[in-house]
Amino acid sequence: MRIDVWVWAVRLIKTRSAAGAACRAGHVKLNGASVKPAQQVVPGDRVRVWANHREVDVEVTATVRTRVSAAVARTCYHDHTPPPAPKEVLATLPVRERGSGRPTKKERRQLDRLRGRSSS
């Protein structure tokens with residue numbers, strides 16, 4: 001079964017065309033490697049999908065040819081996605097004020113250091 005069809009059929013991505021586009025953009029990985037939309041998926045494969053600003057990690061348990069209900073879709077994979085960060089952690093992250101414009105070079109460097117992406 002094609003991976004773009006499977007991802008759409010089990011409701012990980014909303015439309016079939018969006019599933020194909022996600023595959024072409026590298027947002028769908030099969031066993032750790034980016035794949036084309038026509039790549040075949042079989043039970044036992046591990047699929048990672050980046051959609052809606054979050055990553056979903058699932059193991060294929062069954063393949064379906066058509067889009068199925070949400071209850072049936074959940075039986076077609078085993079979810080290995082880690083739980084989201086607690087709201088308390090997200091509330092402590094620094095946030096720039098809305099409308100404050102682009103950060104200056106100094107502010108950008110401070111943000112990079114804060115995020116642990118220091119280049120030097």
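These figures come from a predicted structure and were not determined experimentally. One-based numbering along the sequence shown.
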Under 3.5 Å, side-chain donor or acceptor atoms of residues 2-12 against the rest of the protein: list the pairs with distances, not counting sequence neighbours.
residue : atom : partner : partner atom : Å
Arg2    : NE   : Asp4    : OD1          : 3.1
Arg2    : NH2  : Asp4    : OD2          : 3.2
Trp6    : NE1  : Ala62   : O            : 3.0
Arg11   : NE   : Val68   : O            : 2.6
Arg11   : NH2  : Val68   : O            : 3.3

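Arg109 CZ to Leu111 CG: the interatomic distance, rounded to the nearest 0.5 Å, is 12.5 Å. Distance check, rounded to the nearest 0.5 Å: CZ of Arg108 to CZ of Arg102 gives 9.5 Å.
The heavy-atom pair separating Val64 from Met1 by the smallest distance is O-CE, 2.6 Å. Residues Pro37 and Arg24 come closest through the heavy atom pair CG-NH1, 3.7 Å.
Listed by chain and number, the hydrophobic cluster partners of Trp50 come to none, as no ILVMFWY side chain reaches under 4.5 Å of it.
Partners of Arg46 under the side-chain hydrogen bond (donor to acceptor under 3.5 Å, both in side chains) rule, at least two apart in sequence or in another chain, are Asp57. Among residues two or more places apart in sequence or in another chain, the side-chain hydrogen bond (donor to acceptor under 3.5 Å, both in side chains) test is passed with Thr81 by Asp79.
Listed by first and then second residue, the salt bridge (charged side-chain N to carboxylate O under 4.0 Å, His left out) pairs involving residues 62-72 amount to none (not counting sequence neighbours). Annotation: side chain to side chain donor-acceptor pair (under 3.5 Å) contacts involving residues 69-78, sequence neighbours excluded, are absent.
In this structure the side chain of Thr63 reaches within 4.5 angstrom of the side chain of Pro43, judged on heavy atoms.
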